[in-house]
Amino acid sequence: METVRIRPREEFRTAIRSRLAELSWPSEEIVVERPGDPEHGDWSSPIALALARPLKRSPREIAAELVADLDLNPDSFGEVSVAGPGFINVRLAPRYLQEVVRDILTQHESYGRSDRLKDRKINVEFVSSNPTGPLHIGHARNAALGDAIASLLESQGASVTREYYFNDAGRQMDMLGASVHARYQQLWDPSFPFPEGGYQGEYIRDLAKALRDEAGDRWLETPIEECSTAFREFAGERMNTAIRADLDRFRVAFEVWFNESALYTDDRLKATIADLKDAGAVYEDDDAIWFRASEFGDAKDRVLVKRTGQPTYLLPDIAYHRDKHERGFDTAIDIWGADHHDYAIRMRAALGALGYPPDWLRPVIYQQISLLEDGQEVRLSTRSDRMVLLQDLMDDIGVDVTRYFLVMRKGDTHMVLDLDLARRQTEENPVYYVQYAHARISSVFGRLEEPAWDPETAGVPDSLDLLTAQTEIDLLRMLDDYPDVIADAADALEPHRITDYLESLARRFHLWYHGEHILVEDEPLARARLALARATQYVLRAGLGQLGVTAPESM
RNA sequence: GCGCCCGUAGCUCAGCUGGAUAGAGCGACGGCCUCCGGAGCCGUAGGUCAGAGGUUCGAAUCCUCUCGGGCGCACCA
């Protein structure tokens, strides 16, 4: 990785810190932020306001004294001022901003990346849908979020494993088999009873037909007790394949597919109970084995092993997380729907009992999606017979739009997706807005008659100092923000910050494009602008790439 | 009843660890193609940040309560 220049924000912060030290003033935390109004400057610190009380002096006085001898590199900073009630504002030097183009063009794909998490081994577990049905829109949000979060962490140098947990050992698999069995029987005898609580949905009938096509009436006379395994395995395998195919098409790739059943093959459940017992977190009551969860932050104690001797869902899941820990992950991130928020507390309690650090598990909870269709709001749940399948969504609005839409809202907002609107694929779609900016840049280069002016072949021009138009400065400032935006998004596990950023960046680009002509006669100026255009294109592509969205050359 | 999440412009949503006159997109209204793609750009209108208290030099942001919506409260998974 090329040398990365010191970020001005950090430089500003450092300068304030050392000035505070000189004056022997307190310096616990130094806030540096983007002023709401760009007229106030590029970075601003309210430190003087915070110090007014402990120092018992007016904030403006404090600010003036801080600014009097602030050690700021003139290559990076221009004007420094005290404004309003005592804010210290600094403006970036045009030269600094112009050089951002060089940074981007030389660092190319590594611009915005960092190695600050390079020692971290992080497991991101997501989707983890049971193979009892096809993926629907809820899983899609999970997949889009999880994959984007994993990418963001990778961008900061972390070693990330994307993992999928298949609950293939529980009773729901039996129910799946029984459901398919009933539909299979119904192909000959429509009055054959469907099991109570069985899986509704057309896909069960499809599975039954597939089995008939494959095995004919071979199972027709066999009693259910003798063929339940065959039905369960057939259906599970088919669903598994279908899920993988959907995810593949959705451009989500997992390194590890973990089967719950693997936890039963050795003594991992027993070992987990033993560990919890060592921690004094297990007791027996009413012939069941309990986890003393209430002592670890949960509302009440939880059963690990039922009276029947069967483990609950919780036990293998604790064993699974214990397994992740033993595999050496520093952090485990689980992407869970809102119906799991209580479960997250339970799991953290269990991991706390095992002695893991409190933030070893970082659950990301996302709220349910509502659909707006024909002007009516439709809520979706797994049990609802109304499901919007991921594959249908991809057919309707495409992978790019689906992925973008599902990460553009914060996870904890109850988002409403207007299906009619999304299907329309028109200009109101922010995805196209961003992609269009990228394609437009390609188009400019397609019209370039002097290929030697393209920075991709000719390198960075010497004329970057000609980028002085206001729209250019604004665009440069936006490009300079990218590394901070991506780092913050990674730390917060919030991919929606990237979509917000990309829309702003695209807007800055379109504004510039309308204000200034890129392909001008004047060679140095044209080359400077072409360089800015390329730099913008790289960042657009990188940002979209973080979200798994393509950056088309033309549309 | 208890727990978690949410309540910001007509609609969908941003607002980063509290900071200087609350933002964007869509929709509405009015403009801009002899000029690198008009999938674009410019302008106008539109908000008691659900409500009430509190903390603070400063609150959409933190705390408490109320109201409204979602989700969860199994020896189901």
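Everything quoted here is computed from the prediction, not taken from an experiment. Proteins get letters first, then strands, A, B, ... in listed order; numbering begins at 1 in each.
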Asker: At under 4.0 Å between heavy atoms, what does A:Asn89 touch on the DNA or RNA strands: base, sugar-phosphate, or nothing?
Answerer: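 Base, at least one base atom sits under 4.0 Å.
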Asker: Under 4.0 Å, counting only non-hydrogen atoms across every strand here, what does A:Ala437 touch: a base, just sugar-phosphate, or nothing?
Answerer: nothing
Asker: For nucleotides 7-10 of chain B, print each protein N/O atom paired with a nucleotide N/O atom at under 3.5 Å, atom names and distance only.
Answerer:
none

Asker: Roughly how many Å is it from CD1 in A:Ile498 to P in B:rG15, rounded to a whole number?
Answerer: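 Result: 13 Å.
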Asker: May I have the distance from A:Tyr433 (atom OH) to B:rG37 (atom P), rounded to whole angstrom?
Answerer: 17 Å
Asker: Checking all strands, does A:His496 fall into the base, sugar-phosphate, or nothing category for heavy-atom contacts under 4.0 angstrom?
Answerer: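 Sugar-phosphate contact only - A:His496 comes under 4.0 Å of backbone atoms but never of a base.
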Asker: Going by atom types alone, do A:Glu456 and A:Tyr538 pair a side-chain donor with an acceptor below 3.5 Å?
Answerer: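 A:Tyr538 and A:Glu456 do have a side-chain donor-acceptor pair below 3.5 Å.
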Asker: Flag yes if more than 12 heavy atoms outside A:Glu61 fall under 6.0 Å of its CD atom; otherwise flag no.
Answerer: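 Yes, the 6.0 Å shell around CD holds more than 12 heavy atoms from other groups.
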Asker: Do any of residues 445-453 of chain A sit with a heavy atom less than 4.0 Å from RNA chain B, and if so which?
Answerer: A:Arg447
Asker: Would A:Asp491 and A:Arg116 pass as an ion pair if we require N to O under 4.0 Å?
Answerer: yes
Asker: Is a donor-acceptor pair below 3.5 Å formed from side chain A:Asp500 to base B:rC13, judging by atom type as modelled?
Answerer: no
Asker: Enumerate all atom pairs, one protein N or O and one N or O from nucleotides 17-19 of chain B, separated by less than 3.5 Å.
Answerer:
{"unit_1": "B:rU17", "atom_1": "O4", "unit_2": "A:Arg9", "atom_2": "NH2", "d": "3.4"}

Asker: Could you give the NZ-to-C1' distance, from A:Lys300 to B:rG72, as a whole number of Å?
Answerer: 11 Å
Asker: Name the residue closer to the 5' end of RNA chain B, choosing between A:Leu417 and A:Gly84 according to the nucleotide with the nearest heavy atom.
Answerer: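 Mapping each residue to its closest nucleotide by heavy atoms, the 5'-most match is A:Leu417.
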Asker: Enter syn or anti for the glycosidic conformation of B:rC62, syn applying to angles within 90° of 0.
Answerer: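 Because its glycosidic torsion lies more than 90° from 0, B:rC62 adopts the anti conformation.
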Asker: Figure out the CE/C1' separation between A:Met415 and B:rG25, and round it to whole Å.
Answerer: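 Atom CE in A:Met415 sits about 14 Å away from atom C1' in B:rG25.
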Asker: Taking only the side-chain heavy atoms of A:Pro35 (C-beta and beyond), determine which of B:rA20, B:rC75, B:rA77 contains the nearest atom.
Answerer: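 Comparing B:rA20, B:rC75, B:rA77 against the side chain of A:Pro35, the answer is B:rA20.
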Asker: Which nucleotide, B:rA39, B:rC75, B:rA74, lies nearest any side-chain atom of A:Met555?
Answerer: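 So the side chain of A:Met555 is nearest to B:rA39.
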Asker: Tell me whether A:Arg34 forms a cation-pi arrangement with A:Trp43, defined as NZ or CZ under 6.0 Å from the six-membered ring centre and within 45 degrees of its axis.
Answerer: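 Yes, a cation-pi geometry holds between A:Arg34 and A:Trp43.
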Asker: Looking for any heavy atom pair under 4.0 Å, which part of the strands does A:Asp37 touch: base, sugar-phosphate only, or nothing?
Answerer: base
Asker: Is the ring pair A:Tyr482/A:Tyr501 parallel, tilted or perpendicular, if the boundaries are 30 and 60 degrees?
Answerer: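 Because their plane-to-plane angle lies in the 30° to 60° range, the rings of A:Tyr482 and A:Tyr501 count as tilted.
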Asker: Pull out every residue in residues 503-519 of chain A that has a heavy atom closer than 4.0 Å to any atom of RNA chain B, ordered by number, or say none.
Answerer: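 Residues of residues 503-519 of chain A under 4.0 Å from RNA chain B: A:Arg507, A:His510, A:Leu511, A:Tyr513, A:His514, A:Glu516, A:His517, A:Ile518, A:Leu519.
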Asker: Given atom CD of A:Glu553 and atom C1' of B:rG37, what is their separation to the nearest angstrom?
Answerer: 14 Å
Asker: Can you run through RNA chain B from 5' to 3' and write each base as (, ), [, ], | or . depending on how it pairs? Watson-Crick or G-U wobble, both distances under 3.5 Å.
Answerer: (((((((..((((.....[...)))).(((((.......))))).....(((((..]....))))))))))))....
Asker: Could you write out each protein N or O paired with an N or O of nucleotides 2-5 of chain B at a distance under 3.5 Å?
Answerer:
{"unit_1": "B:rG3", "atom_1": "N2", "unit_2": "A:His341", "atom_2": "NE2", "d": "2.4"}
{"unit_1": "B:rC5", "atom_1": "O2'", "unit_2": "A:Gln367", "atom_2": "NE2", "d": "3.2"}
{"unit_1": "B:rC5", "atom_1": "O2'", "unit_2": "A:Asp412", "atom_2": "O", "d": "3.2"}
{"unit_1": "B:rC5", "atom_1": "O2", "unit_2": "A:His414", "atom_2": "NE2", "d": "3.3"}

Asker: In terms of heavy-atom contacts, does CZ of A:Arg57 have more than 12 from other residues, nucleotides or ligands at under 6.0 Å?
Answerer: yes
